[in-house]
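Heads up: the structure comes next, in structure tokens.
The chains referred to below are lettered A, B, ... by the order of the sequence lines, with proteins before strands, and numbering in each begins at 1.
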Amino acid sequence: LPESFDWRDKGAVTEVKMQGTCGACWAFSTTGSIEGANFIATGKLLNLSEQQLVDCDHTCDKKDKESCNSGCKGGLMTNAYNYLIEAGGIEDEDSYPYTGKRGECKFQPDKVAVKVSNFTNIPVDEQQIAAYLVNHGPLAVGLNAVFMQTYIGGVSCPLICGKRWVNHGVLLVGYGSKGFSILRLSNQPYWIIKNSWGKRWGEHGYYKLCRGHGMCGMNTMVSAVMTQTS
Amino acid sequence: QEDFKIRQVTDQNHQTTTAHGGDNHHNHNHNYLGTPAEHRFKSFIQQYDKKYTTREEYIHRLGVFVKNLIKAAEHQALDPTAVHGVTQFSDLTSEEFERMYMGVKGGGDRSPLLGEVGSHAPPLEVKD
């Protein structure tokens, strides 16, 4: 594994998006992982539609029937992959633009930009997560976002952060080995995480979270997606 | 220059929240008017182009903002390697923030059922 790695440098990550006052982070996490997988498969970076997921995806988790995708009221990335496999694919942002509100489903199968063939859950081991990130592209991740309300920058490494309360979907795009901490006067490894709260939040829309401690449960809900190329 | 004097930010009489708790909070929030906290709140409003339709809403959001200043200081103490402070979410309660900007359901076991798509990924070689 390289010491540091960033899919943004390789052109696999779209611009930071803004979900607005709509709890659809799960949709942004899903599209981010598909955008990356499609880039690796085709060399083309497409901006994919979250609104299709917000409007059309009502898939429920197969184990927990109460965890159903429900537009701005929340969802799960793994449910979304299952929906996209069933639906036949995802449109791009231009053909199905984001409104930030749940509306009537306007999915047009003939406008599908990327097809999803499969997905996989990544082991909780953070070395494995790094290996899958490098080999398969950006990964959809769930984490506990309690410290993100006040986050401005730097490497976040809270002394206490609940690992069970995973409540926010984001995209893992890379990692670094030397995030300097003024207070600890040392360097520490960190993950580079793309958020969907616009560029004015965090470090130009990104969050740096310390690596190797299962911080804020970031290692418990990690998934990679496979796209289908014709 | 900010005024760094310690000011009372807790209820004088430690009133418990009752059916009229909202009024107590509302009255309490009036205490922040004219303080350095309100000055920071005004800068925040300008920076993030916030708009509150009524005076009551402004005072309520001021109270939330002050609580979030305390929360940011707590987060800074708990998370010293990052920088915490005022963000565009500083006028939202934790509940509002979670409802509006998060949205992942349940953090339990998401491992797939046997034989379904989306299986667990096999371990990769990660030595060196």
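Proximity to chain A (any heavy atom under 4.5 Å) is restricted, for B/E98, to the side chain, taken from C-beta onward. For chain B, no part of A/M226 is nearby; none of its heavy atoms comes within less than 4.5 Å. In this structure, the portions of A/A145 lying under 4.5 Å from any heavy atom of chain B include both its backbone and its side chain. Only the side chain of B/F97 comes within contact range of chain A, with at least one heavy atom under 4.5 Å from a heavy atom of that chain. Using a 4.5 Å cut-off between heavy atoms, A/Q19 touches chain B through its side chain atoms alone. In this structure, no portion of A/D125 lies under 4.5 Å from any heavy atom of chain B.
Top candidate by heavy-atom pairs under 4.5 Å with chain B, chosen from A/C161, A/G169, A/C25, A/A130, is A/C25. Taking chain B as the reference chain and counting heavy-atom pairs below 4.5 Å, the highest number among A/A131, A/G153, A/C72, A/G154 is found for A/G153. Residue with the most contacts toward chain A among B/E96, B/H84, B/K71, B/M100: B/H84 (heavy-atom pairs, distance under 4.5 Å).
Nearest heavy atom pair, residue A/L171 against residue A/S33, reads CD1-N, 3.4 Å. A/Y83 and A/C56 make their closest contact through OH-CB, 3.3 Å (heavy atoms, listed as atom of the first residue, atom of the second, distance).
Here B/E57 pairs with B/R61 in a salt bridge; the nearest charged N to carboxylate O distance falls below 4.0 Å. Under the 4.0 Å criterion applied to side-chain N and carboxylate O atoms, A/R102 and A/D55 are not assigned as salt-bridge partners.
In this structure, A/E66 has no salt bridge (charged side-chain N to carboxylate O under 4.0 Å, His left out) partners at least two apart in sequence or on a different chain.
Annotation: ring-ring contact (aromatic ring centres under 6.0 Å, His included) contacts involving residues 202-227 of chain A, sequence neighbours excluded, comprise A/Y151-A/Y207, A/W201-A/Y207.
Of the N and O atoms on the side chains of A/S223 and A/Y81, at least one donor lies less than 3.5 Å from an acceptor on the other residue.
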